[in-house]
Amino acid sequence: MGVGVSSDAEVSIAGQEAAEQVLAHLAGRKPDLVLVFSSIRFADPRMLRAIRAVTGNAPLVGCTDAGGIVTAGPKRRSVTVIGLISKDCTFVTSVERQISQRPRASGVRFANALMDQAKQDPGCVLVFPDGLTASGSEVLCGIQERMGPHALIAGATAADDLYYQKTFQFYNEEILTDSVAGAMICGDVKVGVGVRHGWVPVGRPRRVTRASGHVVYQLDHRPAISIYEDYLGLKRGELMQDTLANVTLTYPLGTEIRGGTEYLLREAIRVGRAGSLICTGNVEQGSDVRLMIGGYESALEAAQQAACDAVDQLGQARLKGALVFCSVARQKMLGSEFQGEIDVIRDALGGAGVRLGGFYSYGELAPAAQTYGRAQKSTPLFHNESVVVVAFG
C-alpha cells in the first residue's frame, strides 16, 4: 500500500505530486487499484487525468471529502491518493449513477456489476456513495441483498468540505454526483475492520412508535422532536433552524445493536412535519432510542479500540497498511484536538512507519458484531459519528 498527499493550488500538479508519492512507496511499481479522496476544490477531471498519467490504467475510485487522512494526521483542502498492489488478489470496480431515484435498487445493480467481474472469491467491498442525495442505509441494503447479509463491506459517504450542497464521486477519469463508486478485493486477502464511536447513552430509552426509513415520526407516541425539547430545554421553533444539526453533532440518537458493544448512532439533520426527525440513516420502528453524549477521552479510546479490533482480525498476518474513514462530526466535536484521534490510531497500528490513508465523511459503512441465537456474526451497517479502520494484512 502506498499513500500520497498534496495541497498544491493547481489541480493537475496536486494530483501528480500525490500519485508520485504513491509510486515511491511502491518502489516504482504501478498500483493495481487507486483510491482518491479530495477536497471539492480538486473535483476536476484534470486532477484525475494527472493521477492516471502517473499510475497508469489501474482502476480508480473515490470521492470528495471533508478533509484527508494520512499517517502524519488530518489534511485540509488536499488530494489523498492510495495505491494497492497484491500478487494474490484481483481488484474490480463499479459505479452506479442517479442513486437518489431508487437507492436500494442502485445498490443491487452496483453489487451485480462487481460480482459479474469477479474471477476469484469475493473478499472485501469498499463503497463510496453520495453523502447527500440518497440514504446510505438503503444503498447498503441493496448491496447486501445481492452479496448476502454478512458480506465484508466497508467505506464511507462522500462529503463536500462541510458545505452540505453537493458531493462528487470519482470513477477512472469521470467526476460524478448522485452516484456510488467502489471496488471489490477478490482472492486470498486478509482484511480486518473495526468500527467504534465512544458515545454513551443518557436518560431513559424511548420507543420508536412510528418511523419509515430515515424519518422518525413519533417516540412514545409523541412527536419525535420531543426528545430534544425535554432534555435540552429547547423549543421546537429554535430546533427548526440550523440549531438541530449542531445539537445532534454532540447529542445524536442511539439505537441498540443486538448483541453489540456499542449503540448505532443516528444524526437528526432537520425537523420535518408535525415534529418528525429526518435522520441520516434508517431507524427501525419498534426499536428503542436514547440520547447519546460524547467527549474527548471516550472518542480517543474508541478510535484506539477500532484500530485494535481491525488488527486483531488479521491474526498472524503482518499489517501492510490501513484505511481510516472518520465522521466529520468527530472532527468538529474534538475541535483543535482532532489530530489526537489520528495519532492514537497510528500508534495502535504500529507507529510512524505505518501507512494510513482515508478521509472525513458524512457517514460510515462497516460491519458490527450482532448476536443471532447463540451465534455472533458481523453484519454491515450504516453508521454516523463513528470511526472505521480497515487493516490490510
Side-chain angles (χ1 to χ4, degrees), residues 1-8 10-38 42-65 68-72 75 78-95 113-114 117-128 154-155 168-176 181-191 317-324 353-359 390-393:
M1 177 172 160
V3 182
V5 63
S6 176
S7 299
D8 194 282
E10 210 290 305
V11 294
S12 296
I13 294 175
Q16 178 183 337
E17 283 185 353
E20 287 174 345
Q21 292 168 35
V22 169
L23 260 63
H25 273 173
L26 300 177
R29 292 177 295 168
K30 299 289 177 83
D32 298 320
L33 175 69
V34 178
L35 305 177
V36 179
F37 310 118
S38 82
F42 294 107
D44 187 312
R46 292 176 297 167
M47 183 264 290
L48 298 181
R49 287 196 294 268
I51 292 170
R52 299 196 89 200
V54 176
T55 60
N57 293 323
L60 180 155
V61 297
C63 61
T64 51
D65 60 31
I69 295 171
V70 294
T71 303
K75 297 292 181 181
S78 61
V79 177
T80 303
V81 180
I82 301 163
L84 298 175
I85 288 178
S86 174
K87 66 182 190 313
D88 300 316
C89 304
T90 54
F91 303 89
V92 295
T93 60
S94 174
V95 68
L114 291 177
Q117 298 174 70
K119 293 181 172 58
Q120 294 176 278
D121 291 339
C124 178
V125 181
L126 301 173
V127 186
F128 309 109
F168 297 96
Q169 296 74 52
F170 307 145
Y171 185 71
N172 295 329
E173 295 181 9
E174 292 184 83
I175 306 283
L176 307 166
M184 182 164 68
I185 307 172
C186 306
D188 185 17
V189 60
K190 284 284 188 182
V191 180
R318 183 171 66 87
L319 177 70
K320 304 294 180 56
L323 304 177
V324 179
V354 71
R355 290 176 182 172
L356 288 184
F359 70 99
V390 182
F392 296 115

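Values reported hereafter were calculated over all heavy atoms of this structure, with side chains retained and with hydrogens, waters and symmetry mates removed.
Looking at every heavy atom in both residues, Gly358 comes nearest to Ile82 through N-CD1, 4.0 Å. Taking both residues in full, the closest heavy atoms of Val79 and Ala18 are given as O-CB, 4.0 Å, listed atom of the first, atom of the second, then distance. When all heavy atoms of Leu319 and Ala391 are compared, the pair lying nearest together is CD1-CB, 3.7 Å. Across all their heavy atoms, Pro31 and Leu23 have their closest contact at CD-CD1, 3.9 Å. Contact detail for Ala322 and Met1: the closest heavy-atom pair is O-CE, 3.2 Å. Scanning all heavy atoms of the two residues, the minimum distance from Phe42 to Ala14 falls at CE2-CB, 3.6 Å.
Note: Lys75 NZ to Asp65 CG = 13.5 Å, rounded to the nearest 0.5 Å. We find the CD-OG distance between Gln117 and Ser94 to be 6.5 Å, quoted to the nearest 0.5 Å.
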Given the rule in the side chain to side chain contact (heavy atoms under 4.5 Å, CB included) test, do Val81 and Val34 qualify, once you have shown the distances and angles that lead to the verdict? CA-CA 7 Å; Val81 180; Val34 178; 3.8 Å; yes
Would you please test Ile185 and Phe392 for side chain to side chain contact (heavy atoms under 4.5 Å, CB included) and show each step? CA-CA 11 Å; Ile185 307 172; Phe392 296 115; 3.6 Å; yes
Go through Val191 and Val390 one step at a time and tell me if the side chain to side chain contact (heavy atoms under 4.5 Å, CB included) criterion holds. CA-CA 7 Å; Val191 180; Val390 182; 3.7 Å; yes
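Partners of Gln21 according to the side chain to side chain donor-acceptor pair (under 3.5 Å) rule, which considers only residues two or more places apart in sequence or in another chain, do not exist here. Looking at residues two or more places apart in sequence or on another chain, you find a side chain to side chain donor-acceptor pair (under 3.5 Å) between Asp44 and Arg46. Looking at residues two or more places apart in sequence or on another chain, you find no salt bridge (Lys or Arg N to Asp or Glu O under 4.0 Å) involving Glu20. Remark: Ser6 engages Glu17 in a side chain to side chain donor-acceptor pair (under 3.5 Å) (not counting sequence neighbours). Ala24 pairs by the side chain to side chain contact (heavy atoms under 4.5 Å, CB included) definition with nothing, not counting sequence neighbours. When the side chain to side chain donor-acceptor pair (under 3.5 Å) test is applied to Glu173, no partner is found at least two apart in sequence or on another chain. Applying the ring-ring contact (aromatic ring centres under 6.0 Å, His included) test to Phe128 and every residue at least two apart in sequence or in another chain returns Phe37, Phe325.
In this structure, the side chains of Val3 and Leu356 stay at 4.5 Å or more apart for every pair of heavy atoms. With contacts defined as side-chain heavy-atom distances shorter than 4.5 Å, the pair Thr80/Ile69 does not qualify. Under the 4.5 Å side-chain criterion, counting only non-hydrogen atoms from C-beta, Ile175 is in contact with Phe170.
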If you look only at distance, which donor and acceptor atoms sit under 3.5 Å apart when one is on a side chain in residues 47-60 and the other is two or more places apart or in another chain?
| residue | atom | partner | partner atom | Å |
| --- | --- | --- | --- | --- |
| Arg52 | NH2 | Asn57 | O | 3.3 |
| Arg52 | NH2 | Ala58 | O | 3.2 |
| Thr55 | OG1 | Ile51 | O | 3.1 |

Name every donor-acceptor pair, under 3.5 Å, that has one atom in a side chain of residues 119-127 and the other anywhere in the protein, sequence neighbours excluded.
| residue | atom | partner | partner atom | Å |
| --- | --- | --- | --- | --- |
| Gln120 | OE1 | Thr90 | N | 3.1 |
| Gln120 | OE1 | Thr90 | OG1 | 2.8 |
| Gln120 | NE2 | Asp88 | O | 3.2 |

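Evaluation of the side-chain hydrogen bond (donor to acceptor under 3.5 Å, both in side chains) test over residues 25-38, restricted to residues two or more places apart or in two chains, returns none.
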